[in-house]
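Quick notes on the structure that follows.
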Amino acid sequence: MFMGTPTISPSPVESAAMQQTNWEAVRRQFRLSTDYIHLASSQFIASHPEPVRLAIEAYRDEIDLNPVQCTLANENKQAQRVREAAAGYLGMQDPNQIALTDSTTMGLGLLYMGLTLTKDQEIVAPEDDYYSHLEAIRMCARRTGASYRHFKLYDDLNTVTVDNIISAVMGAITDKTRVVGLSWVHSNTGLKLPIRHIGEEIEKLNQSRDEQAKVIFIVDGVHGFGIETETFAELKCDFLVAGTHKWLYGPRGTGIIAGRDQAWQLIDPVIPTFTEVMGDVIQHKQRPERMTGKQMTPGGFHSLEHRWALTDAFKFVNSIGKEQIKERVHALNRYCKERLQRMDHVTLHTPVSERLSAGIIAFEVDGYSTKQTVAHLLSHHIVCTAAPYYISYARFTPGIYNTNEEIDEALRVISDMKK
């Protein structure tokens, strides 16, 4: 843990452990340009912290010196170290239930294209879910002949409750429903779903269903993973898909799929694996009887130095502490949201409640399009993003390297935008 005197006065709700965390020391791990206030990259694509950056460089040097011998000696060994680190972070006993991918999008594609569905089954998902998730569902339906259906998750974001969301999801499930696909945190509004409670309700429903009709619960978890502290078991989903180059601050081009043992048996590999199964197949040996995340890991040569350094990203966040990171991100977001909410020329599109939000803040400024808002902020050296949706909002995503002072400066610019 980074210890020392905090540079930001902690709010009264922060724990003693968080107050002891030296966030300036954390901040110094990132080589972010001091010419800008970076209120976007945690949610978009991360800057590598020093331990990750050094690990990538060390692995790259090792590979460059002797690429063949280094790869042969380390490819499976280092990949297994990554699985073990991911399993430890997620509280999973078996690291082989984790597949390694290059991104959330790849993970979703692998799962949905590996599902076997029938023409009388369906997939349901919210109508405003992210493009990658909805496209993976559409392609799965086209391939299998199954149907897919979108449903409305809420009527009014300003009044939505946990119970409203649970009711909307469970109300969308019919006798035909085989798969429910949800995003833990919506990247257009920052709405955080009560995944654990939904998973518990789906488990209850599945108790009365035949094995071939049980609902498979798939979660795009990328904007909760690295902020929230639930273990995989606590989330109560069948699959959790996440890129690790966002809130976990891992190497760019890395990701995971965590799955239940029983759920992996419902998936067929889409891309041949380079794990030990490859050797068994070449030698005409029997394939493993049970599918695992390890076998679902796509083969081919990847950016090995990045993949192997993912172990160091898990070490980095663990050195700070999961609870401390959660409190820090939520505190910064709360600080920003409460002040945006007081501006009468700003519309906040993210719930203030921490039960319903995490690290994404979506907003509009009166008299400015989203594109104009992003450009105006950038002209003041403040980096934010526009959500890639049909209805697009500007987004701030304060992360562990940001400060209240940076947020104050961004809010000052927004305050001056009042016409």
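Source: prediction; values computed, not measured.
- The distance between the ring centers of Phe225 and His223 does not fall below 6.0 angstrom.
- With contacts defined as side-chain heavy-atom distances shorter than 4.5 Å, the pair Met296/Leu110 qualifies.
- Within 6.0 Å of OH in Tyr131 there are 12 or fewer heavy atoms belonging to other residues, nucleotides or ligands.
- Ring to ring, Phe396 and Phe363 are close: their centroids are under 6.0 angstrom apart.
- We find that Lys326 and Glu323 are not joined by a salt bridge, their nearest charged nitrogen and carboxylate oxygen being 4.0 Å or further apart.
- Looking at every heavy atom in both residues, Cys70 comes nearest to Glu62 through SG-CG, 3.7 Å.
- Side-chain atoms of Arg328 come within 3.5 Å of backbone atoms of Asn402 as a donor-acceptor pair (strictly under, hydrogens ignored).
- Between Asp102 and Arg307 a salt bridge is recorded (basic side-chain N to carboxylate O distance below 4.0 Å).
- Salt bridge status for Arg290 with Asp261: present, with a side-chain N to carboxylate O gap under 4.0 Å.
- Annotation: the span from Asn66 atom CG to Asp61 atom CG amounts to 13.0 Å, rounded to 0.5 Å.
- Proximity of the aromatic rings of Trp23 and Tyr401 is defined here by a centroid distance below 6.0 angstrom, and this criterion is not met.
- Rounding to the nearest 0.5 angstrom, the gap separating the CZ atom in Arg81 from the CH2 atom in Trp308 is 10.5 Å.
- In terms of modelled atom types and a separation under 3.5 Å, the side chain of Arg355 and the main chain of Val162 share no donor-acceptor contact.
- Between Glu406 and Pro398 there is no side-chain heavy-atom pair separated by less than 4.5 Å.
- Judged purely by atom type and a 3.5 angstrom limit, Arg31 has no side-chain atom pairing as donor or acceptor with the backbone of Ser47.
- Side-chain polar atoms of Thr174 and Glu122 form a donor-acceptor pair below 3.5 angstrom.
- Evaluation of the side chain to side chain contact (heavy atoms under 4.5 Å, CB included) rule for Lys285 yields Asp280, Gln283 as partners, not counting sequence neighbours.
- The CG atom of Leu182 sits 10.0 Å away from the CD1 atom of Ile218 when rounded to the nearest 0.5 Å.
- Counting only distance, with no hydrogens or angles, the side chain of Thr144 and the backbone of Thr116 share no donor-acceptor pair below 3.5 Å.
- At most 12 heavy atoms of other shown residues, nucleotides or ligands fall within 6.0 angstrom of atom CD1 in Ile391.
- Legend: residues meeting ring pair (Phe, Tyr, Trp, His ring centres under 6.0 Å) with His197, ordered by chain and number and at least two apart, are absent.
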Inset, instruction - Quick one: do Asn188 and Tyr130 satisfy side chain to side chain contact (heavy atoms under 4.5 Å, CB included)? Show the steps, please. - result: CA-CA 8 Å; Asn188 57 337; Tyr130 184 53; over 6 Å; no
Legend entry - salt bridge (Lys or Arg N to Asp or Glu O under 4.0 Å) between Arg138 and Glu135, worked out: CA-CA 5 Å; Arg138 183 190 66 80; Glu135 277 293 280; 3.0 Å; yes
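- None of Val169, Asp163, Ile166 except one satisfies the side chain to side chain contact (heavy atoms under 4.5 Å, CB included) rule with Pro194; the exception is Ile166.
- Side chain of Thr104 to main chain of Gly243: a donor-acceptor pair is present (N/O by atom type, distance under 3.5 Å, no hydrogens or angles).
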Inset, instruction - Take Asp238 and Gln262, measure what side-chain hydrogen bond (donor to acceptor under 3.5 Å, both in side chains) needs, and give me the verdict at the end. - result: CA-CA 8 Å; Asp238 291 297; Gln262 287 298 121; over 6 Å; no
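- Atom CD of Glu127 has more than 12 heavy atoms from other residues, nucleotides or ligands within 6.0 Å.
- Side-chain atoms of Thr273 and Thr275 include a donor-acceptor pair closer than 3.5 Å.
- Side-chain rings of His133 and Tyr112 approach one another, their centers coming within less than 6.0 Å.
- Between the side chain of Tyr249 and the backbone N or O of Ile400 there is at least one donor-acceptor pair closer than 3.5 Å.
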Legend entry - side chain to side chain contact (heavy atoms under 4.5 Å, CB included) between Ile257 and Leu240, worked out: CA-CA 6 Å; Ile257 308 170; Leu240 176 71; over 6 Å; no
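- Heavy atoms of other residues, nucleotides or ligands lying less than 6.0 angstrom from CZ of Phe274 number more than 12.
- With Thr254 contributing its side chain and Gly250 its backbone, the two residues share no donor-acceptor pair below 3.5 Å.
- Using a 4.0 Å cut-off between charged nitrogen and carboxylate oxygen, Lys236 and Glu201 do not count as a salt-bridge pair.
- A heavy-atom distance below 4.5 Å is found between the side chains of Leu377 and Thr373.
- Counting heavy-atom neighbours within 6.0 Å of Asp175 CG, excluding the residue itself, gives a total of 12 or less.
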Inset, instruction - Report the C-alpha distance between Lys192 and Glu354 in whole Å, list the side-chain angles of each, state the deciding distance to 0.1 Å, and finish with yes or no for salt bridge (Lys or Arg N to Asp or Glu O under 4.0 Å). - result: CA-CA 8 Å; Lys192 180 175 71 177; Glu354 292 174 28; over 6 Å; no
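- In this structure, a donor-acceptor pair under 3.5 Å is present between the side chains of Ser357 and Lys337.
- In the model, Thr161 has a side-chain atom that pairs as donor or acceptor with a side-chain atom of Asn164 under 3.5 Å.
- For the pair Thr177 and Arg209, the tightest heavy-atom approach, listed with the atom from each and the gap, is O-NH1, 3.0 Å.
- Between Ala87 and Pro95, the shortest heavy-atom distance links the atoms CB-CA, 3.8 Å.
- Remark: side-chain polar atoms of Lys119 are not paired, donor with acceptor, to backbone N or O of Ala146 under 3.5 angstrom.
- Here the shortest heavy-atom pairing between Leu332 and Ile407 reads O-CD1, 3.5 Å.
- Side-chain atoms of Lys246 and Ser42, non-hydrogen and from C-beta on, never get closer than 4.5 Å to each other.
- Across every non-hydrogen atom of Leu191 and Pro351, the tightest pair is CD1-CG, 3.8 Å.
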Legend entry - Intermediate values then yes/no, side-chain hydrogen bond (donor to acceptor under 3.5 Å, both in side chains), His330 and Glu228: CA-CA 9 Å; His330 277 278; Glu228 307 301 319; 2.9 Å; yes
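- Relative to the ring axis of Tyr335, Arg339 places its NZ or CZ within 45° and under 6.0 Å from the centre.
- Ion pairing between Arg196 and Glu203 fails under the 4.0 Å rule for side-chain N and carboxylate O.
- With no hydrogens or angles considered, no side-chain donor-acceptor pair links Asn96 and Thr292 at under 3.5 Å.
- Here the side chain of Asp312 pairs no donor or acceptor atom with the backbone of Ala55 at under 3.5 angstrom.
- Cation-pi geometry between Lys322 and Tyr89 is met: under 6.0 angstrom from the ring centre, within 45 degrees of the axis.
- Within a 6.0 Å radius of CG in Asp210, other residues, nucleotides and ligands contribute 12 heavy atoms or fewer.
- No side-chain donor-acceptor contact under 3.5 Å links Ser183 to the backbone of His186.
- Nearest heavy-atom pair, Leu32 versus Ser41, reported as atom, atom and distance to 0.1 Å: CD2-OG, 4.4 Å.
- Annotation: ring pair (Phe, Tyr, Trp, His ring centres under 6.0 Å) contacts of His245 (sequence neighbours excluded): none.
- Taking the side chain as every heavy atom from C-beta outward, Thr71 and Phe301 approach each other to under 4.5 Å.
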